[in-house]
Amino acid sequence: MKGLKVYAIAYLLFLYAPIFLLPMFAFNDADIIAFPLSGFTTHWFEELTRNAALQAAVRNSLIIAASTAVLSTILGICAARAATMADWPLKRPMMGLIMLPLVLPEIIVAVSLLVVIVQVFGLGLSNTTIIAAHTLICMPFSIAVLNGAFQNLDPALEEAALDLGESRWSAFRLVILPLVMPGIISSLLISFTISLDEFIIAFFLSGANPTMPVYIWGLLRFPGQLPVVMAMGTILVALSIVLLTIAEIMRRRGLKRAGLKDTGGFL
Amino acid sequence: MTLIQLTGVNKHFGDYHALRDIDLEIQQGEFFSLLGPSGCGKTTLLRTIAGFEDVGTGAIRIDGRDMKGVGPNLRPTNMVFQSYAIFPHLSVAENVGFGLRRADMTREEKTRAVGQALEMVGLGGYGARAANALSGGQRQRVALARALILEPKVLLLDEPLSALDKKIREQMQVELIKLQREVGITFILVTHDQEEALVMSDRIAVMFDGGIGQMDDPETLYRRPKSKRVAEFIGMMNFLDGEVTQTGARIEVKVQGLGRCTVESEQAPGGVAPGPVGIGIRPETLSLLFEGETTTRKQVDAVVDEVVYYGDMTYYDMRVAGIDKPLTLSMKNLIGRPVLDVGTETRVAWDERSLVLLGR
Amino acid sequence: MFRKRLTDSGRRGLILVSPPFLYGVLLLAVPLATVLLFSFWTQDYLTIDTSFTFANYSEALADPLYMQLLRGSLLIAGAVTVATVLLAFPIAYFVSFHVQPSRKSLWLFLITIPFWTSYLIRVFLWKVILGYNGVLNSSLTGLGLIDEPLSFILYNANAVVITLAHAFAPFAILPIFVALEKIDRSLLEASLDLGETRLTTFLRVTLPLAMPGVVAAVLIVFIPTIGDYVTPRLVGGPDGLMIANMIQTQFLKLNNAPMGATLAILAMLSVTAVSLAFIWLNRRWLRGPR
């Protein structure tokens, strides 16, 4: 018991080691990323505001992440709602295909889309291609989050609304939607976060405008730019933690609203 | 006046025959129960009346109107669900007023109607509460108010009391009966609890394997079950083998261990034919003769085989010559009446009028 | 017949699932089929020869470089998987059995947070930690534990294993945790009651019942690891490169899509083969899920 607890804390340290280091270098007054630290500065954050290319990449990533979040959540709602319905022929293989990106190496998704878009259709690469691919890989995560929300619903609730005079659509709008709303919000946030951070696919599919991770990848080869990247990473980590905390609070609120006990994380 | 009429209703789920040839008429203002073991089709039947399931073949008419293709939202029925299906994101008042959204009423009229409905079920002043904060019995009342506020022609209740504790359940049974008399709406109750059905209903349909085994008022159902299956399901009964020797207005029958008897034709509700027949006899129609007691009823020698003491009643299993299984009988524990020990030799009094000849 | 069995609810389910399903067909099934098709074609500079041939496969299978990369990738992915799952199991066990129910979701939340933070930067920071003058070496020399910096921890397979074990931690912990949570605690009491010790109870009851979670964890770590090329490139050095790097090179640098497709298919086939072999072994020897 005691040994396990020590191990657990050591493991958490291992998990958090890179994240603790990030702000140290972001505020470190030196051009190289190494110890010993040489003093406090906010210089790198100021540099960040002057870097137009980086800002363009960030803007690009935000657009992609927001579009991906909306698309994958809408498709996820359809699939998660369908999963709670009675069986239809080929239900399992159909759901299997939809969930497949969860276990497929990302590079496979990336190259197969690249081949189809460029070689087969001769289309150019753009933000649209990245959004399409990100929606594909975010959809299973959205479904996993939304499944919890939909499966916790008593099917009698929809029937009760129908019985009290509502149509299928208004029953969905008045009863089901409000009850799964926390799930929808956490699905939006999780897809947003995944897309914002995704590199492998974006690297293959980005056109003239790089996304933020693709831009950072380019910077990693120029050590002089690295402290700026650290500053940027610090902001991103802080943002991710805020978004995920909101997602987690939403998930718990959803469980509470449905009158259920908390059973674990969102995966 | 006939309010609901089902003719030749059949329903299949894949290969499973869920409803078989259901013919049923329910009167305006009646408290009608569908009783049966789980999986007998009673809930499916209720859901076809509500419009949640299509009928395969046959027709359902409510108030003279064919319900084919009419969705649950357009039928003059409302339902109290087994899980109550209280909308967890709405307050008590919002739940009760849910169905009034499309009603042609002002906001004040709606508020008043909700208030009245809550008063009716004894939840006056609970309107602002969160639905999640209610107890089981209160959720049940909210579900009732929510369904009744729309003044349906028929209220459908799917095992509404099964989730409640015994005490609250019995209290709610009485309240439901009162409420039904008050509003005069036809109630259709689904239950697997025979006692509940007997206590509450004007008429009961006992269902087995998707079909109706017997449909009668509670007393007839209890006293004159048509088949062994119905008799087994409702209350306790002793089953004896017999043989019909003569039919007609009076039926001659030879009963295992009890000898030759003559019974009225109404004691064979399932019909009768010469030959072997099953005989049923309720424990409370048999009695023990305690020391010094005499009776003009028929008697047979018996030995106490088992005693089960219930407080107000004692159940005895009695061994009788010529009967392979012991006869069960119940005696009220009146003042001065002892509880007999196993092995006591005594006599059992019985009556030809309490025999029931059971059909196949 | 087909249509008749479909219930009303099933029909609505089918309609609802159509948009995501069609999306999956268009953006996943069709592209995967195209990659398969491409792997049977050849390319000469910019023209693609669409005649059906196994030339790519025979070339790839004969080339020691490709085979070395594929073998190396499988070995690294295997090592990453073993390390990740072994490190993860005690954590999952700790959270499931020794953390109060009300605090479990906090622990899971803490475990998942690092996973959601910028992947590229995280990998880069491992390079900083493990480097010759990195955090680890400077602290160890500073503490006087070692005389000169350790060099075996960066730019080789070890670094890749450490970094990926970090990256996939929550993927390994969560399925094992879920499997452990499902174990009825009275089973453990029953085992103790029947005379087993805590250790033998763990081996005879807990571990077999947790196997479905372990299998899921193994697959969910092993499969995507093969496709990673960021970690090998940043911390792997020359012998840490993996097949994904070569696929990337074929597509983006050498412009040889058919060979890239062939390597992608070969990588997927070997991953599938190893995964199936693992599932089969597990069923046969470890009494896992049936």
Side-chain angles (χ1 to χ4, degrees), chain A residues 1 4-5 7-8 11-12 14-19 21-22 33-35 75 78-79 81-82 85-89 94 97-98 100-101 103 105-108 111-116 119-120 132-133 136 139 193 197 199-200 213 216-217 220 229 233 236-237 240-241 244 248 262 264-265 267, chain C residues 2 6-7 9-10 12-14 16-17 19-21 23-24 27-32 34-35 38 90-91 94 98 104-105 108-110 112-114 116-122 124-126 128-129 133 135 138 166 169 174 219-220 223-224 226-227 229-230 244 247 251 257 260-261 264 268:
Chain A
M1 169 69 204
L4 259 183
K5 187 156 196 177
Y7 176 79
Y11 192 89
L12 278 187
F14 164 66
L15 283 182
Y16 278 84
I19 292 167
L21 287 177
L22 195 52
I33 306 295
F35 279 109
L75 291 171
C78 292
R81 179 90 180 116
M85 303 266 178
D87 286 356
W88 61 86
M94 282 170 101
L97 176 73
I98 294 170
L100 185 61
V103 292
E106 286 186 356
I107 191 161
I108 302 290
V111 298
S112 57
L113 280 169
L114 184 73
V115 164
V116 170
Q119 312 262 14
V120 178
L136 185 74
M139 199 159 62
T193 316
D197 189 37
F199 168 70
I200 293 178
I216 292 178
W217 173 257
L220 289 180
V229 173
L236 281 179
V237 167
S240 297
I241 291 176
L244 287 165
E248 173 69 9
D262 195 356
L267 277 182
Chain C
F2 229 40
L6 204 56
T7 59
S9 164
R12 281 187 292 128
L14 187 56
L16 265 174
V17 86
F21 177 69
Y23 196 87
L27 278 101
L28 189 63
V30 170
L32 286 179
T34 314
V35 166
F38 257 70
I91 290 296
F94 172 75
H98 292 297
K104 280 182 184 172
S105 57
L108 291 182
F109 186 58
L110 282 177
T112 28
I113 277 205
W116 297 108
T117 52
S118 179
Y119 175 59
L120 275 184
I121 294 179
R122 253 188 306 150
F124 173 76
L125 284 166
W126 275 108
V128 175
I129 295 173
N133 288 317
V135 178
S138 36
H166 179 263
L174 289 175
L219 295 182
I220 220 165
I223 296 170
I226 289 285
Y229 66 85
V230 173
I247 297 173
F251 272 99
M268 276 211 295

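Keep in mind that this is a model prediction, so the values were computed, not measured. Each chain gets a letter, A, B and so on, in the order its sequence line appears, and its residues count up from 1.
Among C/Ile91, C/Leu219, C/Val30, the residue with the largest count of heavy-atom pairs under 4.5 Å with chain A is C/Ile91. Highest contact tally toward chain C, considering only A/Val111, A/Leu12, A/Ile241, is held by A/Val111 [criterion: heavy-atom pairs under 4.5 Å]. Interface check for chain A: of the options C/Val35, C/Val230, C/Leu120, C/Thr34, the most heavy-atom pairs under 4.5 Å are formed by C/Leu120. Comparing A/Ala132, A/Ala133, A/Ala79, A/Pro101 by how many heavy-atom pairs each has under 4.5 Å with chain C, the most go to A/Ala132. The candidate from A/Ala8, A/Ala17, A/Pro213, A/Gly233 with the greatest count of non-hydrogen atom pairs under 4.5 Å with chain C is A/Ala8.
Taking 4.5 Å as the limit, some side-chain heavy atom of C/Leu14 sits within range of a side-chain heavy atom of A/Met94. Within the 4.5 Å cutoff, the side chain of A/Glu106 has no heavy atoms near those of the C/Pro224 side chain.
For C/Tyr119, the parts lying near chain A are the backbone and the side chain together; criterion is any non-hydrogen pair under 4.5 Å. Residue A/Leu15 touches chain C through both its backbone and its side chain, counting heavy-atom pairs closer than 4.5 Å. Both the backbone and the side chain of C/Ile223 have a heavy atom closer than 4.5 Å to some heavy atom of chain A. Residue A/Leu114 touches chain C through its side chain alone, counting heavy-atom pairs closer than 4.5 Å. In this structure, the portion of C/Phe38 lying under 4.5 Å from any heavy atom of chain A is its side chain and not its backbone.
Residue A/Leu21 holds its CG atom at 12.5 Å from CD1 of C/Ile121, rounded to the nearest 0.5 Å. The structure places CD1 of C/Ile226 at 9.5 Å from CD1 of A/Ile108, a figure rounded to the nearest 0.5 Å. Between the CD1 atom in C/Ile113 and the CD1 atom in A/Ile19 there is a gap of 8.0 Å [rounded to 0.5 Å]. Distance check, rounded to the nearest 0.5 Å: CH2 of A/Trp88 to CZ of C/Arg12 gives 11.5 Å.
C/Leu16 approaches A/Met85 most closely through the heavy-atom pair CD1-CE, 3.8 Å. A/Leu136 and C/Leu27 make their closest contact through CD2-O, 3.5 Å (heavy atoms, listed as atom of the first residue, atom of the second, distance). Shortest non-hydrogen contact noted between A/Ala82 and C/Gly13 is CB-O, 3.3 Å. Listed here is the closest heavy atom pair of C/Arg122 and A/Pro18: CG-CB, 4.1 Å. Between A/Leu97 and C/Ala29 the shortest heavy-atom distance is CD1-CB, 4.3 Å.
Put simply, the side chain of C/Tyr23 never gets that close to the backbone of A/Ile98: no donor and acceptor are under 3.5 Å apart. Side-chain atoms of A/Tyr16 come within 3.5 Å of backbone N or O of C/Leu110 as a donor-acceptor pair.
Here A/Phe199 pairs with A/Phe203, A/Trp217 under the ring-ring contact (aromatic ring centres under 6.0 Å, His included) rule; sequence neighbours left out.
Using the six-membered ring where Trp is involved, C/His166 and A/Phe14 have ring planes that are perpendicular, over 60° apart on the 30 and 60° scheme.
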